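One structure is given below, encoded as structure tokens.
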Amino acid sequence: EQAQTLDPEHVNNFIVFGALAALSGDMAEAGTQFQHLMDEWQVERVVNTDFADEHEVVVEMQTGRVISMTFDGSEGQVITLQAASSECDPIIVVLDPEGNPIAGDDDSGTSLDALISGFTLPSDGTYTLLVSHAGAGSEGMVIVTLETH
């Protein structure tokens, strides 16, 4: 709390509060905090392919890059999203069809991988997955997967 009082826009605050929200099960707050982090670091927004024909996409992460991908979902559908890399520290945020953050993660997967597992979509529509990087590395290849259950 003192760090946030001293410098409320410092990126480490967003990482810490996002991680705490994810650990406590508040996925929407985690998404909000991690989206703030992406907004602070964003130098380039890349609109990538959607997941319509593929459930795995490989993207190249660079410092300040935020990659945006879309996928269609249905109310009540359960999904798992993962951003995995041996080269960088991926972070993910899910936006609902209106563009509001509803989930986010950093490091819940293996090592530094981002993982949102068993998440239930709240409505029908086109969702957006944002992929960027957190503090432990910002450059490298990231494998992004979407599984529907």
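The shown structure was predicted, so the numbers you read here are calculated from the model rather than taken from an experiment.
Of the possible polar contacts, none joining the Thr126 side chain to the Asp72 backbone as a donor-acceptor pair under 3.5 Å is found. Here the side chain of Ser85 pairs a donor or acceptor atom with the backbone of Met141 at under 3.5 angstrom. Checking side-chain atoms of Asp124 against main-chain N and O of Glu75 turns up a donor-acceptor pair under 3.5 Å. Not a single donor-acceptor pair under 3.5 Å links the side chain of Asp26 to the backbone N or O of Ala21.
Phe71 and Tyr127 have parallel rings, their planes meeting at less than 30° on a 0 to 90° scale where 60° marks the start of perpendicular.
Residue Pro101 forms a side-chain contact (heavy atoms from CB on, under 4.5 Å) with just one option from Val94, Leu95, Asp96, Leu130, and that option is Leu95.
With sequence neighbours excluded, the residues forming a salt bridge (Lys or Arg N to Asp or Glu O under 4.0 Å) with Glu44 are Arg65, listed by chain and number.
Rounding to the nearest 0.5 angstrom, the gap separating the CE atom in Met38 from the NE2 atom in His36 is 12.0 Å. Annotation: the span from Ser132 atom OG to Gln35 atom CD amounts to 11.5 Å, rounded to 0.5 Å. If you take CG on Leu112 and CG on Asp107, they are separated by 5.0 Å, rounding to the nearest 0.5 Å. For the atom pair Ile92 CD1 and Met69 CE, the distance stands at 9.5 Å (nearest 0.5 Å). With rounding to the nearest 0.5 Å, the separation of OG in Ser111 from CG in Asp89 is 8.0 Å. To the nearest 0.5 Å, atom CZ of residue Phe17 and atom CD of residue Glu29 are 9.5 Å apart.
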**Study point:** Trace of the side chain to side chain contact (heavy atoms under 4.5 Å, CB included) decision for Ile15 with Asp106
**Key:** CA-CA 8 Å; Ile15 294 172; Asp106 176 31; 4.0 Å; yes
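Val46 and Leu81 fall within the same hydrophobic cluster, defined by Ile, Leu, Val, Met, Phe, Trp and Tyr side-chain heavy atoms under 4.5 Å apart, directly or through other members. The hydrophobic cluster containing Leu115 does not contain Ile79, counting ILVMFWY residues as joined when their side-chain heavy atoms lie under 4.5 angstrom apart, directly or transitively. A single hydrophobic cluster is not seen to contain both Val57 and Ile143; linkage of ILVMFWY side chains at heavy-atom distances under 4.5 Å, directly or through other members, places them apart.
The two residues Ala83 and Pro90 make their nearest non-hydrogen contact at O-CG, 3.2 Å. Scanning both residues, Ile116 and Ala103, for their nearest heavy atoms gives CD1-CB, 3.8 Å. For the pair Val131 and Met61, the tightest heavy-atom approach, listed with the atom from each and the gap, is O-CE, 3.7 Å. Residues Asp105 and Ser108 share a closest heavy-atom pair of OD1-OG, 2.5 Å. Residues Ala30 and Gly18 share a closest heavy-atom pair of CB-O, 3.5 Å. Between Gly104 and Met27, the closest heavy-atom pair is O-CE, 3.3 Å.
With contacts defined as side-chain heavy-atom distances shorter than 4.5 Å, the pair Phe119/Leu121 qualifies. Residues Thr63 and Glu139 have side chains in contact (heavy-atom distance under 4.5 Å, counting atoms from C-beta outward).
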